Amino acid sequence: MGRVKPSPTPATPPRAAVPGRADPGDALLRPALAGLAAAAVALGAAELVAVLTGPMSSPLLAVAALVVDTVPAPVKDFGIAVFGTHDKTALITGTLLLLAACAAALGTAAVRSWLLPLFGITFFTAIGAAAALTRHAAGLTAAIPSLVAGVVAAVTLRLLTNLAAEAATPPPATARPPHPPQPLTPPQDLPALAGGRRRFLIGIGVAAAASLVTGVGGRLLSARRAVTAARAAVVLPPPVEPAPAVPPGAQAEGATSWVTSNADFYRIDTALYPPQLDPSTWRLRIHGMVRNPLTLTWEQLLRRPMIARYVTLACVSNEVGGDLIGNALWLGVPVGELLDEVQPLPEADQVVSRSADGWTCGSPTAVLRDGRDALLAVGMNGRPLPIDHGFPARMVVPGLYGYVSACKWITEIELTRFADFDAYWVPRGWSAQGPIKTQSRIDTPRDGATRKPGALTVAGVAWAQHRGITKVEVQVDAGPWTEATLAQAVSADTWVQWSSRWEATPGAHTIRVRATDTDGQTQPGQQTPVAPNGATGWHSVRLTIE
Ligand SMILES: Nc1nc2c(c(=O)[nH]1)N[C@H]1C(S)=C(S)[C@@H](COP(=O)(O)O)O[C@H]1N2
Ligand SMILES: [Mo]
């Protein structure tokens, strides 16, 4: 981020506050600001109320929508020609600017009389309410946000106008009776004037903050509500092959649940607030170095044959022994089939997935086309993807860390080359390639536990997605590595559970675990940090037997 450049021109000296004389410029500016702030607070309040009464009951959106519906076609075409896909934003901005001008004028008018401002507020309230009531399927409640906005505008304008008047009022110095003569004490007069100004500025600041919080918060909540409803209405297609049943033998006693529920599934992303995507307007564009670019709508995606697969997702930031890993049943379209359809050019060695919020990840084209169950997923454990986990669609690729494969809220798949594009985490110090490293974790006993002597179950999970685990070994203190019992593996793409018995003897002990994958590679004991491509090392727990 660049530093703020010093201003090239010397700062103008602060205007001297002249006691006893109101500045004519400020006298106009403050009421205008009061008008603006009152309108902003009112619109914010309306957005908040519209969370309950429905998005199109927001006076701002309703008026904009009304304009769109009633404006003559040539004007609409002109708008689209000038602003392109930003025509809606331009319309709302225009509406806001017009309202701002009126609000400033009404604020100024309020200095003289309340007649005009009250008339203006009533007028705008009526327009907002009428526009909201004309929206499709609007009930009478659609008028509520506008009515609330009207009341809030009047109250806020009144408060701020009073503060503006106070700020402009000459200090008591001039009001003092001339007799008995008093010594002139201008320093005492200054705080009086500054106090009024300060109170006015605080009022404006509070109003601005309130309007921002309620406006932005209301919009976000409205969007969340709409998308939550859209998600609830989704009917997932059945998979073309039935979803595999979890063999009862997959669960080892004492290990974490073999299937991670949607509620318990770890969440990692850069989104401060998850993108709220409406499936009815969602599109997935597959383009770049391809012969046949393709754009899919939600309906088109759902009509494609889908498969259901258990895949264990892992985060590259998972520390040894950490819980940034989860196993779910994903329902989706094989990415390989989509790629076959668009026909990537031979040089396109990277598939960049882009999220609605601009986040990107890059996966090797060869990996996505090697026949593994890389999915463009829409379902997670039998439900549409939760919003936090990428609704309406995301990628899931067995064997690759999430940061190079598992794009949530996906809207774009672009075929390119690793030499030409660095995805989000690459310039931030993470490897462009992120195959999951063979790892294992002890779930029971917990680190620091105290147990009784005698038979003790040690259990946990091990994973080497798309290679599979062949062996898990446990070591107590400096003893020999002994092979644990592996629970039934469901596929090479999921974690496998293991357990081991140990005759615990009194004292302080350390238990370690290590796994070996089908390549014959045993995970190294050497500890390396999570950056740049995943931690290594053996997970260990210390426990006391007494
Ligand atoms: N849009 C988007 N997708 C994303 C990320 C992100 O920051 N933004 N993070 C990735 C990372 S680092 C991981 S580990 C997985 C986590 O998926 P989950 O939150 O569903 O567990 O999502 C991946 N997909
Ligand atoms: Mo991650």
Side-chain angles (χ1 to χ4, degrees), residues 227 231 256-257 259-277 282-285 309-320 322-332 335 351-363 367-368 374-414 421-437 439 441 461 463 465-466 493-495 529-535:
V227 174
R231 176 177 176 265
T256 194
S257 169
V259 179
T260 315
S261 71
N262 290 357
D264 290 340
F265 210 93
Y266 79 96
R267 175 188 165 196
I268 290 286
D269 53 63
T270 58
L272 286 180
Y273 192 76
Q276 307 293 313
L277 305 185
W282 175 88
R283 297 282 182 281
L284 175 67
R285 200 157 76 89
R309 293 287 184 272
Y310 283 103
V311 175
T312 301
L313 202 65
C315 183
V316 69
S317 296
N318 194 30
E319 302 282 353
V320 171
D323 56 7
L324 300 182
I325 178 163
N327 183 45
L329 177 65
W330 307 96
L331 173 76
V335 176
V351 176
V352 170
S353 307
R354 191 168 280 114
S355 150
D357 63 359
W359 185 86
T360 50
C361 63
S363 325
V367 167
L368 299 189
L375 295 181
L376 174 64
V378 297
M380 182 176 183
N381 290 327
R383 306 272 309 125
L385 288 178
I387 292 174
D388 284 357
H389 293 288
F391 181 78
R394 73 172 303 167
M395 293 267 272
V396 173
V397 183
L400 299 184
Y401 284 122
Y403 85 105
V404 290
S405 69
C407 187
K408 304 192 275 187
W409 314 293
I410 192 170
T411 55
E412 244 183 84
I413 293 177
E414 183 180 353
F421 185 79
D422 281 341
Y424 185 87
W425 283 112
V426 177
R428 291 167 171 84
W430 298 78
S431 303
Q433 305 286 335
I436 296 178
K437 294 179 179 173
Q439 263 295 349
R441 184 182 76 192
V461 286
W463 59 91
Q465 286 91 317
H466 206 57
D493 295 340
T494 58
W495 58 16
V530 293
N533 54 22

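Everything numeric in this text was worked out from a predicted model, so none of it was measured. Whatever order the structure lists them in is the order used to number ligands and atoms, beginning at 1.
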Seminar exercise, completed: Atoms of ligand 1 under 4.0 Å from any heavy atom of T270, numbered from 1 in the order shown, are 6 (C), 7 (O)
Exercise. Is there a heavy atom in M395 that sits closer than 4.0 Å to ligand 1?
Worked result: no
Exercise. Just wondering, do V311 and N327 contact through their side chains at under 4.5 Å, heavy atoms?
Worked result: no
Problem set entry | Parallel, tilted or perpendicular, as decided by the 30° and 60° cut-offs, for the rings of W430 and W425 | perpendicular
Exercise. Would a 4.5 Å heavy-atom cut-off, applied to side chains only, mark R383 and N262 as touching?
Worked result: yes
Problem set entry | Structural part of L313 in contact with ligand 1, heavy atom criterion under 4.0 angstrom | side chain
Exercise. Please state which protein non-hydrogen atom is closest to atom 23 (C) of ligand 1 and give its distance, to 0.1 Å?
Worked result: A406 O, 3.5 Å
Problem set entry | Element-labelled atoms of ligand 1 that are located less than 4.0 Å from some non-hydrogen atom of S355 | 1 (N)
Exercise. Looking only at N/O atoms, are R394 and ligand 1 under 3.5 Å apart anywhere?
Worked result: yes
Seminar exercise, completed: Here the pair of heavy atoms bringing W409 nearest to I387 is NE1-O, 2.7 Å
Exercise. Is K408 salt-bridged to D269, going by a charged N under 4.0 Å from an acidic O?
Worked result: yes
Exercise. If you count the atoms of ligand 1 from 1 in the order shown, which ones are under 4.0 Å from a heavy atom of I268?
Worked result: 5 (C), 9 (N), 10 (C), 11 (C), 12 (S), 13 (C), 15 (C), 16 (C), 19 (O), 22 (O)
Exercise. Would you say W282's side chain and I410's backbone share a donor-acceptor pair under 3.5 angstrom?
Worked result: yes
Seminar exercise, completed: Closest heavy-atom pair, N533 versus Y401, reported as atoms and distance to 0.1 Å, is O-CE1, 3.4 Å
Problem set entry | Region of W359 that comes within reach of ligand 1 [heavy atoms, distance under 4.0 Å] | side chain
For this session: Could you say whether the N/O atoms of Y403 and ligand 1 ever approach to under 3.5 Å?
Result: no
For this session: Could you tell me whether F265 approaches ligand 1 through its side chain, its backbone, both or neither, with non-hydrogen atoms closer than 4.0 Å?
Result: side chain
For this session: Please indicate whether any nitrogen or oxygen in K408 is less than 3.5 Å from any nitrogen or oxygen in ligand 1.
Result: yes
Problem set entry | R441 vs I325 side-chain heavy atoms within contact, under 4.5 Å | yes
Exercise. If we only count N/O pairs under 3.5 Å, is G402 in contact with ligand 1?
Worked result: no
Exercise. Can you find an N/O atom of D269 closer than 3.5 Å to an N/O atom of ligand 1?
Worked result: no
For this session: Among all protein heavy atoms, pick the one closest to atom 21 (O) of ligand 1 and tell me residue, atom and distance.
Result: Y266 O, 2.6 Å
Exercise. Within the side chain of W330, is there an N or O that forms a donor-acceptor pair under 3.5 Å with the backbone of G379?
Worked result: no
Exercise. For ligand 1, which atoms sit closer than 4.0 Å to a heavy atom of C315?
Worked result: 14 (S)
Exercise. What about A314: any of its N or O atoms under 3.5 Å from an N or O on ligand 1?
Worked result: no
Exercise. Does E412 reach the main-chain N or O of S353 with its side chain, forming a donor-acceptor pair under 3.5 Å?
Worked result: no
Problem set entry | Donor-acceptor contact below 3.5 Å, side chain N381 vs main chain T260 | yes
Exercise. So which bit of W409 gets within less than 4.0 Å of ligand 1, heavy atoms only: side chain, backbone, both or neither?
Worked result: side chain
